[in-house]
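Atoms within each ligand, like the ligands themselves, are counted from 1 in listed order. Values in this document were obtained by computation on a predicted structure and should not be read as measured data. This chain uses plain numbering: 1 for the first residue, then up along the sequence. All values below come from the heavy atoms of this structure, side chains included, with hydrogens, waters and symmetry mates left out.
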Amino acid sequence: MMNKIIIESDFSIENIKNDKIKSQIQDWQKSLEKNIKKDIVLSSSEGTGWLLTEKPSLFFIQEKFALEDIQSVLFFVEKNIYKIQPEYETKIFHFDKKGKNIEIQNLIRIKENKKLLSSLLKEKLANNDKVFPGNLQKEIEKYLENPVVYFDATKIGFVFDRASGVAPRSAGVIRVEFPIEKLVSVLNTQYFPKIVDHIKQIQEKKKKMLSSGKKYVALTFDDGPHRTRTPRLLEILKKNNVKATFFLLGSNANRYPEIVKQEKDGGHQVESHSWGHPNFLHLSVEKAKAEINNTDDVIKKATWEKPKFFRPPYGAFNDKTLMLTDKVFLLWDVDSQDWKNKDVQRNLANVRKTLQAGSIILFHDIHEASVDTIEPLIHELRGKGYEFVTVKELLDFYDGNSKGRVCVSGKNCKKWKK
Ligand code: NI
């Protein structure tokens with residue numbers, strides 16, 4: 001008598017709206033079930049049925065990835081057929097916008113990059129003590145004929161399950177990840193024209209920045225725009241050819257949309273600092289969301305771009321705040337304390353205290369003395385070998401973007417676990 005197979009899944013097929021995708025995944029799940037039944041029958045007839053577990057089960061865990069128009073669903077399957085340890089298996093589906101299944105060989109150019117891929121994978125796998133050291137090279141080459149690969153805007157990952165032969169069955173599933181920049185040459189530009197182009201641009205910019213030998217920092221201005229002081233600051237920045245980053249209050253952006261547009265047109269980065277400067281530690285979820293969303297709306301209206309960075313007022317946030325938005329939380333490591341000093345010399349002295357390459361410097365463009373500080377500051381720092389870039393450029397330069405969501409400086413982007 002065969003026991004019923006228990007199937008558990010954290011994956012709800014109902015969440016998939018495209019019928020083509022849905023049926024392909026369902027067919028695959030059914031075929032797995034069938035195979036388990038076959039294995040059980042086979043074991044029974046071979047007389048090894050005593051090895052079978054009384055509660056055969058299949059457990060599906062699912063992860064989703066997206067890059068440009070390609071969506072991927074990665075499944076980890078735990079199969080319990082025998083009394084000994086479970087077996088693990090993985091399967092990935094890649095779909096285009098229309099729900100058409102695309103093979104991995106089309107998405108990444110494996111054949112042309114076999115050498116690069118196998119050497120990178122070998123290097124990482126060799127450091128994993130679960131991996132058989134023996135014929136790793138051969139196993140990787142075999143694996144690359146039909147690898148399980150996932151990717152998004154920041155990473156590209158390779159999954160080795162028991163079928164890959166790089167490790168014993170007991171090792172379970174091994175994942176190897178690389179920053180997408182490292183493997184951008186492998187992506188098929190036909191499917192990923194934007195990311196390939198974007199990363200190339202960043203790499204070129206980075207090369208230029210590196211070869212100049214400068215120390216890069218970012219000037220940031222909070223709480224504006226101000227009716228007169230912000231335009232004056234913009235003039236100073238323009239005259240000195242400096243690009244800065246503005247963290248706007250939605251309430252002020254709403255009052256002076258033409259100044260917001262000037263900031264954007266001047267090549268500066270325009271981001272969000274909430275609507276009315278509340279402390280997010282004391283806000284209901286509903287109010288906090290409104291603070292962020294309403295500010296997004298007015299900034300988008302003026303710049304045609306939705307803010308990707310958020311600076312919580314007072315730098316105050318917690319896990320709950322991070323859940324509100326997928327924006328990068330951008331703090332600072334150099335505090336001019338300009339709101340308190342209202343004095344050029346003191347502002348300058350405060351910046352000197354903790355400034356280093358990669359620093360994010362905090363100012364407020366709503367105070368007269370703050371604006372007065374900027375030109376002498378630019379001259380002083382340039383004299384010491386510093387150069388000014390936007391926050392985005394700073395994080396790209398220091399690879400901060402790919403490291404995490406909470407940044408206090410270009411060199412220090414902490415990863416925040418969900
Ligand atoms: Ni503020």
Side-chain angles (χ1 to χ4, degrees), residues 217-234 237 244-257 259-260 262-264 268-283 287-299 302-303 306-318 320-322 324-325 327-344 346-347 350-351 353-355 359-374 377 390-392 394-395 405-410:
V217 292
L219 270 177
T220 67
F221 297 93
D222 286 12
D223 298 359
H226 182 277
R227 187 176 59 84
T228 57
R229 288 165 191 158
T230 303
R232 190 160 77 83
L233 171 66
L234 287 171
L237 294 174
T245 305
F246 292 89
F247 288 91
L248 307 185
L249 288 181
S251 52
N252 286 339
N254 191 39
R255 217 170 293 154
Y256 308 115
I259 303 179
V260 181
Q262 271 175 43
E263 291 174 341
K264 165 84 183 179
H268 306 291
Q269 193 182 331
V270 179
E271 303 293 350
S272 168
H273 190 41
S274 82
W275 184 272
H277 214 278
N279 185 329
F280 273 67
L281 300 180
H282 311 308
L283 280 191
K287 279 189 179 153
K289 277 197 168 162
E291 284 281 335
I292 294 172
N293 295 340
N294 295 341
T295 305
D296 278 2
D297 289 346
V298 292
I299 291 179
T303 65
K306 203 170 128 180
K308 291 191 178 70
F309 291 77
F310 177 63
R311 177 172 276 169
Y314 315 104
F317 67 95
N318 55 21
K320 214 173 86 187
T321 327
L322 279 159
L324 294 169
T325 168
K327 294 187 202 304
V328 175
F329 279 53
L330 207 286
L331 303 177
W332 60 89
D333 62 318
V334 175
D335 190 350
S336 68
Q337 305 226 16
D338 58 335
W339 56 275
K340 200 164 70 185
N341 305 324
K342 306 228 171 92
D343 178 90
V344 173
R346 277 202 210 162
N347 289 345
N350 278 334
V351 172
K353 268 186 214 161
T354 52
L355 186 83
S359 277
I360 296 171
I361 310 168
L362 172 65
F363 272 95
H364 301 78
D365 52 329
I366 52 169
H367 305 297
E368 204 67 38
S370 307
V371 176
D372 290 339
T373 308
I374 299 311
L377 180 75
T390 64
V391 156
K392 217 168 144 284
L394 189 74
L395 297 191
R405 280 189 56 204
V406 184
C407 302
V408 294
S409 82

The Ni ion (ligand 1) neighbourhood, protein N/O/S only, threshold under 2.8 Å | Asp223 OD1, His273 NE2, His277 NE2

Could you give all pairs that pass the side chain to side chain donor-acceptor pair (under 3.5 Å) test and reach residues 287-296, with sequence neighbours left out?
-> Asp296-Lys327

Salt bridge present between Arg229 and Glu368 (N-O < 4.0 angstrom) = yes

May I ask you to check whether Phe329 and Phe317 place their ring centres under 6.0 Å from each other?
-> yes

Partners of Gln337 by side-chain hydrogen bond (donor to acceptor under 3.5 Å, both in side chains), sequence neighbours excluded?
-> Lys340

Could you pull out all residues at least two apart from Asp333 that satisfy side chain to side chain contact (heavy atoms under 4.5 Å, CB included)?
-> Gln356, Ser359, Ile360, Ser409

Verify whether the ring centers belonging to Phe310 and Phe280 lie closer than 6.0 Å.
-> yes

